[in-house]
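Read the structure below first, then the notes.
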Amino acid sequence: MSDRQKKFILPEDEIPHYWYNIQADMVNKPLPLLHPATKQPLKAEDLYPIFAEELCKQELNTTDAWIEIPEEVRELYKNYRSTPLVRAYGLEKALGTPAHIYFKNESVSPVGSHKLNSALAQAYYCKKQGVTNITTETGAGQWGAALSYAAKAFGLELAVYMVKISYEQKPYRRSIMQTFGAQVTASPSMSTRAGKDILTQFPNHPGSLGTAISEAIELATTTPNCKYVLGSVLNQVSLHQTIIGLEAEKQMEMAGEYPDMVIACFGGGSNFGGITFPFMRHNILEGKKTRFIAAEPASCPKLTRGKFQYDFGDEAGYTPLLPMFTLGHDFTPANIHAGGLRYHGAGTIVSQLIKDGLMEAVDLQQLDTFKAGCLFAQAEGIIPAPESCHAIAATINEANKCKETGEAKVILFNLSGHGLIDMASYDKYLQGDLINYSLSDEEIAENLEKIGSLA
Ligand SMILES: *Cc1c(COP(=O)(O)O)cnc(C)c1O
């Protein structure tokens, strides 16, 4: 017992030098993004007005499996990477499961989540192109916090639209962004046309990621030398996040095991893609049989109950049309505390992978996720982000199945962030003030019918 190893860490020179682009290995590539007016497939140039050019190329790159991490980005990764791969002995014991449970601890990043992995990359490419200002949206504030630091690191000015409900629920995330020097506005706001339109119709709108994205894109396209950056959903974001899975692959090797299951929570899919794609490549190329499980909230179930169709990435319809599993771009999810999971659609890569049966999804109720988070906190000493609690709840369900069958399966999950700035949410849970939300099939169908066929 005494020589059993708890955590696995890579030396700095073993931090990966390349990100992994799963698009190159996918047999069925994601369907093309379409121009909303012409319905023609988009080329990288069509995206240049919104995003930095290098990022547009990454978005549509279906040929290069490996993309070099710029030296400047890798240097900043060293501030917190590699992140530990940890064997959850405490959780295994608490559950009495024969399963071997590992988690990749992305909560050790300076801003407390995996989001910094892509924020640094995107800020770098904007700076390299001579951009001076960037805009973005943020839900729970994790992405905004990460980008605020990344923008400062590369000398960019940042304006953040923060979903109003989170702005009120998570005031300290706003303070973090302001500490790093970003300008933060609650969305919907009166500062953009998209925001004004929504507020005129719904004065008490709690905000959603879709709405905040519309505002940020509008600001980017009306401000000189300004680009928009996005913290999830896009292919480029999952690409940058593969640093998680690539490290985990080496670390699992140090542990002498290979995962039977890889589990992550699912908002737009970036931490899920980040930890799963490097392992999924072995399923695609070598016929390995690892299961990949996305854990989404029952109140925003686009993977388990949404529809695959072309839809917009934002509320106002400013983005290209994306082939995605969606609940409809004007779907406003219930005010669950896992703000980072309140997004109506899934990225185009994951949408294709789920269609092709390369991964699966489960949906979880809010109360079950907080219960799982508290158990994990007590067993491992880390308070997880409400989003990450979904991955933990799904992991516990699988570990309990192992208990029934007696199988010692190897489960790896991504701890996407810590919850130390989400204690108001834990307070509500502990006081019994949180509830579950369920959506009827009719509500989902109605919402999809409303948007109709867009392509
Ligand atoms: C943003 C966020 C998520 C959800 O976003 P994905 O792109 O799906 O990863 C999950 N966990 C944490 C901690 C987050 O900050």
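Read the numbers this way: they start at 1 and go in the same order the structure lists the ligands and their atoms.
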Donor-acceptor under 3.5 Å (Asn21 side chain, Gln23 main chain): yes
Ala385 N/O to ligand 1 N/O under 3.5 Å: no
What atoms of ligand 1 come closer than 4.0 angstrom to any heavy atom of Ser416? 10 (C), 11 (N), 12 (C), 13 (C)
Using non-hydrogen atoms of the residue, decide whether Phe266 is closer than 4.0 angstrom to ligand 1. yes
Fit a plane to each ring of Phe370 and Tyr429, take the angle between them on a 0 to 90° scale, and name the class: parallel (under 30°), tilted (30 to 60°) or perpendicular (over 60°). parallel
Which residue holds the protein heavy atom closest to atom 8 (O) of ligand 1, what is that atom called, and what is the gap in Å? Gly267 N, 2.7 Å
Under 3.5 Å between some N or O of ligand 1 and some N or O of Val233? no
A student checking ligand 1 against Ser232 at a 4.0 Å heavy-atom cut-off should list atoms 6 (P), 7 (O)
Looking only at protein heavy atoms, which one is nearest to atom 4 (C) of ligand 1, and how far off is it? Gly340 O, 3.5 Å
Would you say OH of Tyr48 has more than 12 non-hydrogen atoms from neighbouring residues, nucleotides or ligands within 6.0 angstrom? yes
Should you measure from each heavy atom of His114, which atoms of ligand 1 turn up under 4.0 Å away? 2 (C), 3 (C), 9 (O), 10 (C), 11 (N), 12 (C), 14 (C)
Just checking Phe292 against Phe277, ring centres under 6.0 Å apart? no
Atoms of ligand 1, numbered as shown, that sit under 4.0 Å from any heavy atom of Gly417: 13 (C)
Gly268 to ligand 1: N or O pair under 3.5 Å? yes
Apply the side-chain hydrogen bond (donor to acceptor under 3.5 Å, both in side chains) test between Tyr161 and each candidate in Ser189, Ser191, Ser187; give the one that qualifies. Ser191
Option nearest atom 1 (C) of ligand 1 (shortest heavy-atom distance, choices Glu296, Glu387, Lys115): Lys115
Quick one, Phe272 with Gln241, criterion side chain to side chain contact (heavy atoms under 4.5 Å, CB included). Give me CA distance, side-chain angles, the key distance, then yes/no. CA-CA 9 Å; Phe272 175 83; Gln241 294 295 353; over 6 Å; no
With a 4.0 Å cut-off on N to O distance, would you call Glu398 and Lys409 a salt bridge? no
Fit a plane to each ring of Phe51 and Tyr228, take the angle between them on a 0 to 90° scale, and name the class: parallel (under 30°), tilted (30 to 60°) or perpendicular (over 60°). tilted
Taking the inter-plane angle between the rings of Tyr102 and Phe8 on a 0 to 90° scale, is it parallel (under 30°), tilted (30 to 60°) or perpendicular (over 60°)? tilted
Heavy-atom proximity to atom 9 (O) of ligand 1 ranks first, among Val237, Leu234, Asn271, for Asn271
Can a donor-acceptor pair be found between the side chains of Asn61 and Thr63 at a distance below 3.5 Å? yes
Can you list the atoms of ligand 1 that are under 4.0 Å from a heavy atom of Gln142? 13 (C), 15 (O)
Ligand 1 atoms nearer than 4.0 angstrom to some heavy atom of Cys265 are 10 (C), 11 (N)
Nearest option to atom 6 (P) of ligand 1, as decided by whichever heavy atom of Gly141, Ser270, Ser109 sits closest: Ser270
